[in-house]
Novice: 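Here's a structure for you.
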Amino acid sequence: MLKRLFRTRDLAVTQACVTAFLFLLIPLFHLLDTGPFWLQGLLHGLAATLTVLMGCWTFHAAFFRLGKERGSNAELERLLWLTNWLVLLAIISGNWLYMGYRSPDGPQSWLLAHTPAAHNIVMEWKEFVSLFPLPLGVVAGFILRRFGYNKDAGSVVLLLIALLWLCLVIGLVTGLGLTTLHL
């Protein structure tokens, strides 16, 4: 019988590293930008991308913890609070970038003139979906701190973290989609 070249864990870690690297390349394209808000775009893109990656890691850690009853509450709680801090950083940098979005002759005026639905529906919806992970993460962190990770509380924490991750992914995808409409 042939010996396997790679262990499954090694392959999964390699895939995660390559994916993270490729995801982080997306906002780095703002280094090539010549517009007045390139720095805000770069910082927000990095914060949003890191937040989605960290949210994915937190979700997987919570799911593994619930299913296997392994690991410590402190480890999961640390991941969750780190994700919450990254969400806050993405929100702050997004609000800083939003000033450029709403500036005269900025992307908002272009979107309203050419594709009003992109602003009136997608952008407004994206703003609210992107703000929602912070209260979800704070509540999950509070429940985890107060009640621990028993079976009942763990199910609620896992649901909150899954919703947090889903909102992060929706926010990232709609944000990337909106930036491709007008560069």
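Index from 1, following the sequence. The model shown is predicted, which means the values in this text are computed figures rather than measured ones.
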Novice: Flag yes if Leu134 and Ile92 sit in one hydrophobic cluster, no otherwise; membership is Ile, Leu, Val, Met, Phe, Trp, Tyr, and two members link when side-chain heavy atoms are under 4.5 Å apart.
Specialist: yes
Novice: Side-chain heavy atoms nearer than 4.5 Å, only ILVMFWY residues, links allowed to pass through others: does that put Val156 and Ile161 together?
Specialist: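 Val156 and Ile161: one cluster.
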Novice: Do Val138 and Trp81 have side chains that get closer than 4.5 Å, going by heavy atoms?
Specialist: yes
Novice: Using residues 162-178 as the side-chain source, report each donor-acceptor pair under 3.5 Å to any protein atom, sequence neighbours left out, with the distance given to one decimal.
Specialist:
{"residue": "Thr174", "atom": "OG1", "partner": "Ile170", "partner atom": "O", "Å": "2.8"}
{"residue": "Thr174", "atom": "OG1", "partner": "Gly171", "partner atom": "O", "Å": "3.2"}

Novice: Looking only at non-hydrogen atoms, find the nearest pair between Leu97 and Gly41 and report the distance.
Specialist: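 Smallest heavy-atom distance, with atoms named: CD1-N, 3.6 Å.
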Novice: About how many Å separate CD1 of Ile91 and CG of Leu86, when rounded to the nearest 0.5 Å?
Specialist: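 Output value for this atom pair is 11.0 Å.
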Novice: What do the steps show when you test Tyr98 against Gln40 for side-chain contact (heavy atoms from CB on, under 4.5 Å), and what is the final call?
Specialist: CA-CA 9 Å; Tyr98 194 69; Gln40 291 91 330; over 6 Å; no
Novice: Trp85 and side chain to side chain contact (heavy atoms under 4.5 Å, CB included): which partner among Leu89, Leu88, Val87?
Specialist: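 That would be Leu88; it is the only one of Leu89, Leu88, Val87 passing the side chain to side chain contact (heavy atoms under 4.5 Å, CB included) with Trp85.
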Novice: Answer yes or no: is there a donor N or O on one side and an acceptor on the other, between the side chain of Thr49 and the main chain of Leu46, under 3.5 Å?
Specialist: no
Novice: Linking I/L/V/M/F/W/Y whenever their side-chain heavy atoms sit closer than 4.5 Å, directly or via other members, would Tyr101 and Phe128 fall into one cluster?
Specialist: no
Novice: Check the hydrophobic clustering (I, L, V, M, F, W, Y; side-chain heavy atoms under 4.5 Å; chains of links allowed) and say if Leu158 and Phe132 are grouped together.
Specialist: yes
Novice: Between CZ of Arg145 and CD1 of Ile143, what distance do you get to the nearest 0.5 Å?
Specialist: 14.0 Å
Novice: Is there a path of hydrophobic side-chain contacts, each under 4.5 Å between heavy atoms of I, L, V, M, F, W or Y residues, that connects Phe147 with Val157?
Specialist: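 In one cluster with Phe147: Val157, yes.
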Novice: To the nearest 0.5 angstrom, please state how far the CG atom of Asn95 sits from the OG atom of Ser130.
Specialist: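 Answer rounded to 0.5 Å: 10.5 Å.
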Novice: Under 3.5 Å, which donor-acceptor pairs do the side chains of residues 56-64 form with other protein atoms, sequence neighbours left out?
Specialist:
{"residue": "Thr58", "atom": "OG1", "partner": "Met54", "partner atom": "O", "Å": "2.9"}
{"residue": "Thr58", "atom": "OG1", "partner": "Leu79", "partner atom": "O", "Å": "3.4"}
{"residue": "Thr58", "atom": "OG1", "partner": "Thr83", "partner atom": "OG1", "Å": "2.7"}

Novice: Quick one: CG on Leu76 to CG on Leu144, what's the gap to the nearest 0.5 Å?
Specialist: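 Result: 5.0 Å between the selected atoms.
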Novice: Hey, does Asn120 have a side-chain heavy atom less than 4.5 Å from the side chain of Leu112?
Specialist: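 A side-chain contact under 4.5 Å exists here.
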